[in-house]
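Report on one structure; see the data block that follows.
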Amino acid sequence: MTSLDEVFDRFLSGGGIFKNREVLCHDYVPEKLPHREEEIEYLGSTMAPVLKGYRCSNLFIYGKTGTGKTAVVRYVLKHLMKKAEELNAPVSTCYVNCRLAGTEYRVLSSLCSSVGVKVPFTGLAQSEVFQRFLKGLEKKGGVLLAVLDEIDVLVKAYGDTLLYDLTRINGELSNSKVSLIGISNDLRFKDMLDPRVLSSLSEEEMVFRPYNAAELRDILEERAKLAFHDGVLADGVIGLCAALAAAEHGDARRSLDLLRVAAELAEREGASKVEERHVREAEKRIERDRIEEVIRNLPLHSKLVLCSVYLLNRKVSTVATGDIYNVYCELCNQIGLEPLTQRRVSGLISEQDMLGLLNSRVVSMGRHGRTKKTRLAIPRSTVKAIFMEDEQLKELVAYTPACLLKA
DNA sequence: CTTCCACAGGAACCAGCGGACC
DNA sequence: GGTCCGCTGGTTCCTGTGGAAG
């Protein structure tokens, strides 16, 4: 066991690698966005009318994660506001990440705060909050550019009513105007919208293509210049980060993560250079950390479901929902817990499928019915290791379900 | 060709909570 | 202090369904 002092000393003396760590963080908006010049120009020209006090076209932006949508929008917004201040133009902007906001109500309340209206975080009817937003807008006047990032998440969960209201909002305003910019990670998002909403929301449209490996390399090189001291990256490190991220779906965020974690690993072991092996290690580390985090934060019943699959997987690789439910009920019995309904457990399995902990797919077995066949999507050792940390679950890892006893 | 299994997954509803308003 | 509100995390009830068995 090294003492904490040693850890700190090593960190402080290991300053040979990072020059500025923040440059590699997600929310950093760089001065240069390589390979997005066209998009920046297009977005800029679309938004420009607000500088003269006109409403600009509503805009819809699609693209997968890490294709630079958010970065480009924030970049243009930043410069637009600078210009607006110079010209003393009555422009305000509001950026809301709908996934982080979580609910329609909280999106509305962010919009409210951008026009200087304070609303309580619960307790008011949604329509009341909307009215206050209108009032605030009218009082403030000018043009509001509202950016709704990851809007697909909101619509999937709550439908498009809020969006519908927002697209019609200009009809109720006399002293002010609102332009909307929607950003979606989901390319099929259009299908979820009412045609009326779609047509008014996407007066203009942009699609962000994924970066290829060469473009990712340029991005990384740009950032690396700011983030690291000269010569600490071994040849091929940037290329590898770019290649790994390009192989998935050209996610710049992921390539930056790889680079950052690889450098942190190198720093931690006191190396003077970041090598390719650090990148490989980083790749594993990121995925493992993500999974462990997810499992640890699972509610108890979900953990029991996962545990049931783990136990059944000892004998068979894929299991039916009914079998999982039986074992799950046994486990609940063991620790004196009232089991949830099968309907709910079926839902929990689907949730874990989406989280990437389980793999399940619907199959029909003819006369023997239709079910989801489920298996673990992660190493058994990982599940076991995390469950062993928990007093209660520790016991259950060693439990033998009744259906496996007779086999 | 029909039947029928063992669920999937949608819809409606409910209880409890934290919190605002009057 | 009663009433209203939204959110979470459930339940109940329901209809739908792929394909092996009959």
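Hydrogens, waters and symmetry mates are skipped; everything else that's a heavy atom, side chains included, is used. A quick note: this is a predicted structure, and the numbers were derived from the prediction, not measured. Every chain is numbered from 1, with letters handed out A, B, ... down the list of sequences.
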Decide yes or no for A:Leu337 and A:Leu304: does some side-chain heavy atom of the first lie under 4.5 Å from some side-chain heavy atom of the second?
-> yes
A:Leu348 CG to C:dG9 C1', in whole Å, measures 10 Å
Rounded distance [0.5 Å steps], OG in A:Ser346 versus OH in A:Tyr325 = 11.0 Å
Could you tell me whether A:Phe228 and A:Phe18 have their ring centroids closer than 6.0 angstrom?
-> yes
Measure the distance from CD on A:Gln126 to P on C:dC4 and round it to the nearest whole Å.
-> 18 Å
Identify the 5'-most and 3'-most nucleotides of DNA chain B with at least one atom closer than 4.0 Å to a non-hydrogen atom of chain A.
-> B:dT3 to B:dC21
Interatomic distance, A:Asp149 atom CG to A:Ile61 atom CD1 [nearest 0.5 angstrom] | 9.0 Å
Which whole-number value in Å describes the distance from A:Lys372 NZ to C:dT17 P?
-> 17 Å
Is the base of C:dT11 touched by the side chain of A:Arg343 through a donor-acceptor pair closer than 3.5 angstrom?
-> no
Between CZ of A:Arg370 and P of C:dT15 the distance, given in whole Å, is 17 Å
In whole angstrom, give the distance that lies between atom CE of A:Met365 and atom P of C:dG18.
-> 15 Å
d(A:Thr318 OG1, A:Leu312 CG) to nearest 0.5 Å is 10.5 Å
Sorted by chain and residue number, the salt bridge (Lys or Arg N to Asp or Glu O under 4.0 Å) partners of A:Lys373 (sequence neighbours excluded) come out as none
Check whether any side-chain nitrogen or oxygen of A:Ser364 sits under 4.0 Å from OP1 or OP2 of C:dT17, and answer yes or no.
-> no
Nearest-nucleotide 5' precedence on DNA chain B, A:Arg132 against A:Ile349 | A:Ile349
